[in-house]
Amino acid sequence: MEQKRIKIKDLLVSKEYGSEVNVKGWVRTKRGNKQINFVALNDGSTINNIQIVVDVPNFNEDLLKKITTGAAISVQGKLIESAGSGQSVELEATTIEVLGVADPEKYPLQPKKHSLEFLREKAHLRFRTNTFSAVFRIRHAMAFAVHEFFNKKGFFYMHTPLITGSDAEGAGEMFRVSTLDAKNPPLNEDGTINYKEDFFGKETNLTVSGQLEGELGAMALGEIYTFGPTFRAENSNTTRHLAEFWMIEPEMAFYDLKDNMDLAEEFLKYMIKYALDNCMTDLEFLSKRLQEEEKGKKADERSMELIEKLRFVLDNDFVRLTYTEAIDILRNSKPNKKKKFQYLIDGWGADLQSEHERYLVEKKFEKPVILTDYPKEIKSFYMKQNDDGKTVGAMDILFPGIGEIVGGSQREEDYDKLTARMKEMGVPAEEMDWYLDTRRFGSATHSGFGLGFERMMLFVTGMGNIRDVIPFPRTPKNAEF
RNA sequence: UCCUUCUUAGCUCAGUUGGUUAGAGCAUCUGACUGUUAAUCAGAGGGUCCUAGGUUCAAGUCCUAGAGAGGGAGCCA
């Protein structure tokens with residue numbers, strides 16, 4: 001009689017030697033000789049494999065031939081203490097069933113190391129590798145940690161729309177949503193497209209941010225957060241941009257900028273701690289992988305060991321400084337004086353380039369930095385205008401190796417100041433009447449921020465390319481699978 | 001979008017100044033081996049040298065265009 005299936009993760013810590021169990025999974029490797037075969041089997045529950053010991057004379061030769069890398073098999077067997085070194089337990093097979101064969105001539109994943117670029121082209125199968133199964137188990141844990149953190153704090157998870165009728169969010173190029181015939185759209189008399197005929201009777205796009213809707217929720221429920229997909233049609237080709245990514249956007253009534261920073265720092269540390277507490281075997285694997293990869297580099301070019309890096313961020317306060325202070329530090333910095341920066345800092349007002357952010361985070365302070373109070377000219381219309389008339393209550397959190405991971409602000413709560421700023425920046429107030437109602441009726445101090453989930457994933461897993469921390473990346477010219 | 005590097009076997013790569021039949025490691029297959037750990041050893045099969053033009057007696061190698069990929073920059077999360 002077939003036993004109930006046990007997951008390999010549970011089996012590996014089981015001490016019930018002699019018990020009959022069933023495991024199902026995918027073959028990683030098979031090796032051996034005419035008398036004995038060893039099959040490394042993985043079912044995705046853990047990065048570790050169970051070693052199946054096959055006494056060859058007891059099995060049909062054709063059956064054993066079908067057990068190749070990638071095949072799905074079901075094994076009935078006896079759990080025993082391993083006779084070899086390298087694992088503590090193994091499964092002595094009594095019956096084996098091949099559930100699905102994998103032609104070794106055609107199966108793309110070979111029992112050897114593959115490049116991340118190659119696996120990106122095989123994104124539908126890369127879950128079956130150690131690296132990607134580790135990354136996506138951690139991704140699950142991080143998503144769970146997001147909800148756990150906010151739920152514990154009494155925040156409400158709010159679903160903001162993915163299709164938006166507003167094009168004033170001001171966070172970048174948008175993807176049009178339309179059911180009109182692209183070849184023959186209905187036209188107005190002046191030749192422009194008549195969107196009154198479209199599905200929603202107006203121009204609609206995929207959301208670039210749930211923030212504005214999130215503010216509506218916060219100004220009633222108190223503290224809310226969103227966690228959902230976000231779409232940007234920017235032609236960005238970098239290791240840290242996606243056209244479709246997941247963003248977490250908390251929005252809190254009665255929080256000022258400092259409260260906002262405190263929450264963001266606590267949140268980031270919570271996620272890191274969650275990974276350390278729950279994903280250690282996967283982190284250890286990724287750390288080892290990273291170190292192998294960096295073996296070729298010089299000692300001073302190597303990054304801090306992954307787990308050490310996570311603990312370091314967890315144990316240290318983030319540096320907090322204003323934009324103005326940052327400019328002073330940068331202006332007097334060695335690379336600026338020696339003209340090593342590509343963009344030299346000479347005055348106040350310009351946006352920081354990534355070389356400047358990297359200097360602050362990786363050279364000067366060597367820990368995460370929260371920059372606040374940016375010039376109003378380089379920030380969005382909804383940010384709280386400071387009393388100096390020059391800066392706004394913005395805060396960006398910069399992480400080593402990643403750059404900007406969080407962008408947030410205290411929101412402008414004053415109706416007159418907000419509308420004046422919208423006018424200056426050409427934001428159409430008529431379309432935003434619903435948003436302005438929060439300032440008309442019961443306005444109050446409130447703040448929020450956005451965290452790019454995949455950027456957090458980059459940091460926690462130590463992966464170098466954002467395409468490798470989301471199952472099916474969408475980037476310019478690429479929407480496979 | 002800009003700058004830059006790359007595209008040769010299933011994978012990772014080598015291929016000299018333009019010159020005979022394009023190589024290696026791994027993977028695959030076959031064989032050997034009674035406990036292997038990326039098993040080991042021996043052998044075999046495997047090529048649209050990214051695509052299209054061009055220069056030349058002769059192009060994987062030089063030139064032009066295109067496609068795709070990596071890295072960096074900008075935009076940002």
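Residue numbers begin at 1 in each chain, while the letters A, B, ... track the order of the sequences. Nothing here was measured: the structure is a model prediction, and the numbers come from that model.
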Within the sub-3.5 Å range, which N or O atoms of nucleotides 68-71 of chain B have a protein N or O partner, and how far apart are they?
residue : atom : partner   : partner atom : Å
G70(B)  : OP1  : Arg120(A) : NH1          : 2.6
G71(B)  : OP1  : Asn465(A) : ND2          : 3.4
G71(B)  : OP2  : Asn465(A) : ND2          : 3.4

Distance-only criterion, 3.5 Å: show the donor-acceptor pairs between side-chain atoms of residues 358-376 of chain A and protein atoms not counting sequence neighbours.
residue   : atom : partner   : partner atom : Å
Glu362(A) : OE2  : Gly401(A) : N            : 2.9
Asp373(A) : OD1  : Asn386(A) : ND2          : 2.8
Tyr374(A) : OH   : Asp396(A) : OD2          : 3.4
Lys376(A) : NZ   : Gly389(A) : O            : 3.4

Show me the side-chain donor-acceptor pairs of residues 338-349 of chain A shorter than 3.5 Å, one per line, residues at least two apart or across chains.
residue   : atom : partner   : partner atom : Å
Trp348(A) : NE1  : Thr324(A) : OG1          : 3.0

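Of the inter-residue distances, the one linking Ser409(A) atom OG with Lys379(A) atom NZ reads 8.5 Å to the nearest 0.5 angstrom.
Separating the C1' atom of G47(B) from that of U7(B) is a span of 15 Å, rounded to the nearest Å. For A24(B) and G46(B), the P atoms lie 13 Å apart once the distance is rounded to whole Å. C2(B) and A27(B) have their C1' atoms separated by 39 Å, with the value rounded to a whole Å. G25(B) and G66(B) are spaced 33 Å apart, taking the C1' atom of each and rounding to whole Å.
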Exercise for review: Toss me the dot-bracket line for RNA chain B: Watson-Crick and G-U wobble, both under 3.5 Å, 5' to 3', using | for pairs to another strand and [ ] for crossers.
Suggested key: (((((((..((((.....[...)))).(((((.......))))).....(((((..]....))))))))))))....
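Between Ile470(A) atom CD1 and A77(B) atom C1' the separation is 12 Å, expressed in whole Å. Straight-line distance from the NZ atom of Lys106(A) to the C1' atom of G10(B): 13 Å, rounded to whole Å. Regarding Glu404(A), its CD atom lies at a distance of 11 Å from the C1' atom of C75(B), rounded to whole Å. Per the geometry, CD belonging to Gln342(A) stands 13 Å off P belonging to U4(B), to the nearest Å. The nearest whole Å value for the distance from the CZ atom in Phe118(A) to the P atom in U12(B) is 7 Å. Distance CG (Leu398(A)) to C1' (C76(B)): 12 Å, rounded to an integer number of Å. Atom CD1 in Ile378(A) sits roughly 13 Å away from atom C1' in C76(B) (whole-Å rounding). Atom-to-atom, CG of Leu119(A) to C1' of G10(B) comes out at 13 Å; the value is rounded to the nearest Å.
By the ring-ring contact (aromatic ring centres under 6.0 Å, His included) test, His147(A) pairs with Tyr157(A), Tyr225(A), Phe227(A), sequence neighbours left out. The ring-ring contact (aromatic ring centres under 6.0 Å, His included) check on Phe127(A) picks up Phe136(A), Phe472(A), with sequence neighbours excluded. Under the side-chain contact (heavy atoms from CB on, under 4.5 Å) criterion, Asn58(A) pairs with Asp55(A), not counting sequence neighbours. For Thr204(A), the side-chain contact (heavy atoms from CB on, under 4.5 Å) test picks out Ile163(A), Val177(A), Phe200(A), Lys202(A), with sequence neighbours left out. Applying the side-chain contact (heavy atoms from CB on, under 4.5 Å) test to Asp62(A) and every residue at least two apart in sequence or in another chain returns Asn60(A). Not counting sequence neighbours, the partners of Phe399(A) by the ring-ring contact (aromatic ring centres under 6.0 Å, His included) test are Phe318(A), Phe459(A).
Side-chain contact check for Arg31(A) and Thr29(A): at least one donor-acceptor pair (N or O, by modelled atom type) lies under 3.5 Å.
Here Arg358(A) does not reach the OP1 or OP2 of G72(B): none of its side-chain N or O atoms lies under 4.0 Å away. Note on Ser115(A): a side-chain N or O is less than 4.0 Å away from OP1 or OP2 of U12(B). For Ser354(A), a side-chain nitrogen or oxygen approaches OP1 or OP2 of G74(B) to under 4.0 Å.
Taking the six-membered ring where the residue is Trp, the centroids of Phe155(A) and Phe149(A) are separated by 6.0 Å or more.
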Exercise for review: Quick one, give me the B/S/- string for nucleotides 44-51 of chain B, reading 5' to 3', where B means a protein heavy atom under 4.0 Å from the base and S means that only happens at the primed atoms, P, OP1 or OP2.
Suggested key: --------
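The salt bridge (Lys or Arg N to Asp or Glu O under 4.0 Å) test with Asp282(A) is passed by exactly one of Arg289(A), Arg139(A), Lys288(A), Arg137(A): Arg137(A). The ring pair (Phe, Tyr, Trp, His ring centres under 6.0 Å) with Phe150(A) is formed by just one residue from the set Phe267(A), Tyr270(A), Phe156(A), Phe144(A); it is Phe267(A).
Mapped onto RNA chain B by nearest heavy atom, Ser85(A) and Ile466(A) fall at different nucleotides, with Ser85(A) at the one closer to the 5' end. Remark on RNA chain B: of its neighbouring residues His241(A) and Ser82(A), the 5'-side contact belongs to Ser82(A), judged by nearest-heavy-atom nucleotide.
In this structure, Glu16(A) places its CD atom where only 12 or fewer heavy-atom neighbours from other residues, nucleotides or ligands lie under 6.0 Å away.
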**Study point:** Stepwise side-chain contact (heavy atoms from CB on, under 4.5 Å) test for Met457(A) and Val135(A)
**Key:** CA-CA 8 Å; Met457(A) 281 294 298; Val135(A) 165; 4.0 Å; yes
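Counting any heavy atom pair closer than 4.0 Å across all strands shown, His114(A) reaches sugar-phosphate atoms only and no base atom. Backbone-only contact: Gln353(A) has heavy atoms under 4.0 Å from sugar-phosphate atoms and none from a base. Heavy atoms of Glu357(A) sit nowhere under 4.0 angstrom from any nucleic acid atom. Looking at heavy-atom distances under 4.0 Å, Ile248(A) makes no contact with the nucleic acid at all. Heavy atoms of Gln51(A) sit under 4.0 angstrom from at least one base atom.
The stretch residues 31-49 of chain A comes close to RNA chain B through Arg31(A), Gly32(A), Asn33(A), Lys34(A), Gln35(A), Ile36(A), Phe38(A), each having a heavy atom under 4.0 Å from the strand.
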